[in-house]
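Proteins get letters first, then strands, A, B, ... in listed order; numbering begins at 1 in each.
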Amino acid sequence: MTTMTDPPQADGFRIGQLINDTRYRSYTFQFIALLALIFSFGWLINNAINNPVLQEVGINFGFLQDQAGYDIGQRPIEYNSQSSHLRASIVGAINTLIVAFLACATATVFGVIAGVLRLSNNWIIRKLMSIYVEIFRNIPVLIWIIIIFTVAANVLPQPREYRGEDAAYSPLFGVVAATNRGVYIPRPYFTEGIGAQEPAAVEVDGVSTLVAQEVTSSANWLIVFGVLLASFAIAKGISVWASRQQLTTGIRPKTWYFTAAAWIVPIAVTLWILGLRWEIPTLQGFNFRGGIVLQNPLLALWFALSIYTGAFIAENVRAGILAVSKGQTEAAAALGLRPRRIMSLVVLPQALRVIIPPLISQYLNITKNTSLAIAVGYMDLTGTLGGITLNQTGRALECILLLMAFYLTFSLAISAIMNVYNNSVKLKER
Amino acid sequence: MKNSVLLGTLAFAGLAAAGASAATLDDVKARGSLNCGVTTGVPGFAEPDANGVWQGFDVAVCRAVAAAVLGDPEAVTFVPTTGKTRFTALASGEIDMLARNTTWTFSRDTDLKFDFVGVNYYDGQGFMVPADLGVSSATELDGATVCIQTGTTTELNLADFFRVNGMSYEPVPIETGAEAVQQYLAGACDVYTTDRSALAAQRAGFEAPDDSVILPEVVSKEPLGPLVRHGDSEWADIVRWTLNAMISAEELGVTKDNVEEMAASPGDNPEINRLLGTEGELGAMIGLDATWAKNAIAAVGNYGEVFDTNIGESTAIGLARGLNAQYTDGGLIYSPPFR
């Protein structure tokens with residue numbers, strides 16, 4: 001039997017097929033969408049070119065070399081009001097990175113803890129964590145930032161309340177002072193090592209005493225970092241050795257004191273050789289001076305971003321854990337593992353491949369949300385380049401372009417790094 | 001096409017930049033209302049009252065221009081702008097004029113392509129501190145934490161003042177004046193700095209205004225005035241001479257109450273007659289009705305009346321005329337002649 005349908009004709013293309021034939025229809029719509037896109041961008045470009053203001057002012061990045069003229073509260077690198085706008089932007093960019101990094105780290109900690117505890121068998125803990133997640137992720141982060149900033153300003157004591165013999169407040173352990181402007185903590189510095197200077201004579205109450213001078217070279221911190229890396233390698237080596245022993249003899253040797261010694265002894269010796277001293281913050285004039293200050297804008301932004309994004313991460317973690325089938329947990333329990341070890345050895349490693357991809361999104365969210373810093377006066381890139389510099393120079397277009405370039409680059413970098421990590425934990429299919 | 005232009009356009013996506021047309025007067029007339037940029041709220045200068053109607057010293061300039069151009073002081077769309085958005089709003093054509101405590105500086109007038117049409121308030125940057133701090137001079141502020149409203153010339157003056165006097169300070173730049181005041185009241189900063197008029201205005205709103213003192217130092221010249229876009233001189237003339245009309249009216253004794261009467265029965269003072277359009281063709285020269293200045297004065301009053309009702313000594317803000325008195329009273333307020 002032969003079929004009566006006509007064979008498709010090679011030359012039988014009709015214009016109506018563009019709409020009616022499913023083979024061509026998608027191309028038709030894509031083509032229309034493309035035309036619309038080209039047209040709308042063309043309109044925007046044309047609009048911008050014909051904008052009289054843009055025509056007159058033009059695009060010019062020369063203003064970055066000009067003197068900035070304003071001061072910045074938190075200066076991770078050398079900066080004063082005589083520095084250039086470019087340097088002010090770099091200070092802002094570093095401040096953005098600082099708060100983004102801190103918030104990513106603590107948000108992960110909050111999120112993992114809350115996510116695991118949300119699945120706890122304890123009713124109270126489970127419900128408390130639900131309340132945390134629902135409250136924090138359902139109120140905009142800007143409001144959390146402002147709430148925390150305002151509460152800190154009104155609840156914590158003013159620096160002057162630390163003044164006097166019987167002051168209302170005294171620094172915690174005599175060294176850490178929490179004020180409504182920031183938390184002042186001691187600052188470590190070295191007096192020996194690379195670039196050490198002779199002790200200088202300082203006269204105190206008529207008695208001349210030799211006081212060790214601070215080393216200005218930051219090379220000493222590299223030494224400390226190197227020692228910590230070495231300790232890490234040794235600790236890793238001990239762990240490998242213990243595993244090998246376990247494989248051959250069946251008994252895992254006790255190693256915790258070796259590991260502890262590998263961490264503590266080298267760094268303690270290094271710090272002693274380098275002559276570690278602490279600079280204690282003291283109240284002078286209006287404020288505490290000396291030490292390291294974590295200013296309230298930073299703390300408010302950091303804490304708000306962590307606790308807000310932590311609530312989202314908690315849900316990711318919960319989803320990841322629930323994605324591991326119950327049989328896995330039961331099998332591990334049947335082998336005699338305790339609940340904590342089941343979580344860390346069986347469930348979490350498998351849950352990670354579900355958790356990581358949404359976690360990347362949360363890290364990107366944190367990075368972008370740091371631009372809310374302007375609300376509390378934290379001088380991030382949006383505050384310097386996109387704020388004061390933009391306003392003082394009036395170069396809105398250039399500043400916004402640079403801002404976009406920075407956030408785009410930084411977000412893509414985070415994505416790239418996290419994707420590498422994701423590839424290392426995802427299910428290996430061969 | 002240059003690459004940079006292309007990139008620039010991408011930034012404009014979503015903004016749909018309204019091409020600023022050259023003939024602002026025609027635009028305003030066609031629209032039937034004036035788009036005037038004001039602050040987001042500074043008591044006495046520009047703030048909506050309990051009924052949501054904008055009131056204030058800067059608002060009066062907007063209303064006077066609307067009355068002069070359109071004959072209706074209510075035909076104004078007020079666009080609240082922050083220190084950061086104001087110039088973009090004006091440059092893009094979103095607003096026709098800006099009357100927002102804006103300091104007339106060289107670079108704003110030239111590099112940013114704006115035209116300042118005059119000065120309606122001579123101000124200077126000052127410092128406010130809590131009275132119990134015992135500070136009597138700004139030179140005693142070494143090491144203080146200073147709250148600043150960001151996006152103004154304030155930061156630059158502050159940096160210069162402390163650098164020249166060899167003092168250090170901790171800046172806390174806050175986006176809005178209200179937030180900065182909150183920080184100041186909580187004691188999170190020792191000092192709050194901005195223009196002295198704004199300090200007085202904000203202090204008037206405190207629960208205990210006497211607990212704060214404004215230090216005597218004035219660290220900068222801040223001539224505040226309305227501004228328009230560069231390149232439309234006809235429109236700049238209209239705004240400039242509306243402001244001058246308010247100033248001349250005070251000098252000539254023309255007030256909100258007697259302006260109708262003076263216009264109806266011209267006296268023998270030619271300057272008043274030219275101002276109110278009963279003599280000469282001044283209105284036609286700037287493309288407006290002969291009664292443009294009369295309308296403006298009838299709507300908001302003369303400069304002195306606007307000052308007294310909004311920020312003068314009888315109000316909660318309580319600013320003295322000082323530099324802002326007429327030149328005949330030893331101030332700097334001076335209008336070129338109407339002829």
Side-chain angles (χ1 to χ4, degrees), chain A residues 40-41 44-54 56-59 68-73 80-82 146 149-150 152-154 156-160 179-182 284-287 289 293 295-297 374-377 379 383 386-388 390-394 396-398 400-401 404, chain B residues 1-2 4-13 15-22 83-84 87-88 91-93 107-108 111-113 133 141-145 147-148 150-153 155-156 158-160 162-163 169-175 179-180 182-183 186-190 229-231:
Chain A
S40 52
F41 268 98
L44 285 170
I45 290 170
N46 184 43
N47 209 337
I49 292 171
N50 290 327
N51 183 308
V53 177
L54 195 63
E56 211 166 333
V57 181
I59 288 186
Y70 58 90
D71 285 295
I72 296 176
N80 61 44
S81 62
Q82 304 295 294
I146 292 177
F149 187 54
T150 311
N154 286 289
L156 290 170
Q158 297 180 29
R160 56 177 157 159
T179 74
N180 65 354
R181 293 167 194 182
Q284 286 172 11
F286 292 99
N287 281 316
R289 301 242 179 133
V293 55
Q295 289 171 339
N296 263 357
I374 188 72
V376 289
M379 279 288 126
I388 306 180
L390 185 155
N391 187 55
Q392 299 302 347
T393 61
L397 204 54
E398 292 88 339
I400 299 293
L401 283 178
M404 286 165 63
Chain B
M1 184 186 308
K2 278 197 301 189
S4 52
V5 175
L6 187 82
L7 281 173
T9 338
L10 294 177
F12 267 65
L15 276 179
S21 145
K84 220 159 98 178
F87 296 129
T88 319
S92 67
S107 61
R108 286 175 178 174
D111 191 34
L112 293 193
K113 309 288 181 198
L133 214 54
L141 292 176
D142 190 16
T145 301
C147 278
I148 319 156
T150 188
T152 62
T153 45
E155 291 130 336
L156 309 191
L158 182 71
D160 286 348
F162 274 83
R163 183 167 54 85
Y169 70 104
E170 284 298 329
V172 182
I174 309 280
E175 175 84 346
E179 274 286 314
Q182 285 303 317
Q183 290 293 305
C189 37
D190 303 300
R229 273 184 303 279
H230 210 71

Give the minimum heavy-atom separation between [X] and [Y], together with the two atoms involved.
X: A:Asn287; Y: B:Asp190; value: ND2-OD2, 4.3 Å
X: B:Glu179; Y: A:Ala375; value: OE1-O, 4.3 Å
X: A:Ile388; Y: B:Glu155; value: CD1-OE2, 3.3 Å
X: A:Met379; Y: B:Pro173; value: CE-CG, 3.2 Å

Residue [X] versus chain B: region with a heavy atom under 4.5 Å:
X: A:Ala68; result: backbone
X: A:Ile72; result: backbone
X: A:Thr179; result: neither

side-chain contact (heavy atoms from CB on, under 4.5 Å) partners of A:Pro297, counting only residues at least two apart: A:Phe149, A:Gln295, A:Val376, A:Tyr378

Which region of B:Tyr169, side chain (C-beta onward) or backbone (N, CA, C, O), has a non-hydrogen atom less than 4.5 Å from a non-hydrogen atom of chain A, or is it both or neither? side chain

Bottom line for B:Glu170: the part with an atom under 4.5 Å from chain A's heavy atoms is side chain

Taking every heavy-atom pair that is under 4.5 Å apart, which of B:Leu158, B:Leu133, B:Val172 has the most such pairs with chain A? B:Leu133

Counting heavy-atom pairs under 4.5 Å with chain A, the top scorer among B:Ala188, B:Ala159, B:Cys189 is B:Ala188

Run A:Asp71 and B:Arg163 through side-chain contact (heavy atoms from CB on, under 4.5 Å) and show every step you take. CA-CA 10 Å; A:Asp71 285 295; B:Arg163 183 167 54 85; over 6 Å; no

Looking at side-chain heavy atoms only, is the closest gap between A:Gln158 and B:Thr145 below 4.5 Å? no

Atom pair OG1/CG of A:Thr393 and B:Leu112 - distance to nearest 0.5 Å: 7.5 Å

Name all residues meeting the ring pair (Phe, Tyr, Trp, His ring centres under 6.0 Å) criterion together with A:Phe286; count only those two or more places apart in sequence or in a different chain, and write none if there are none. none

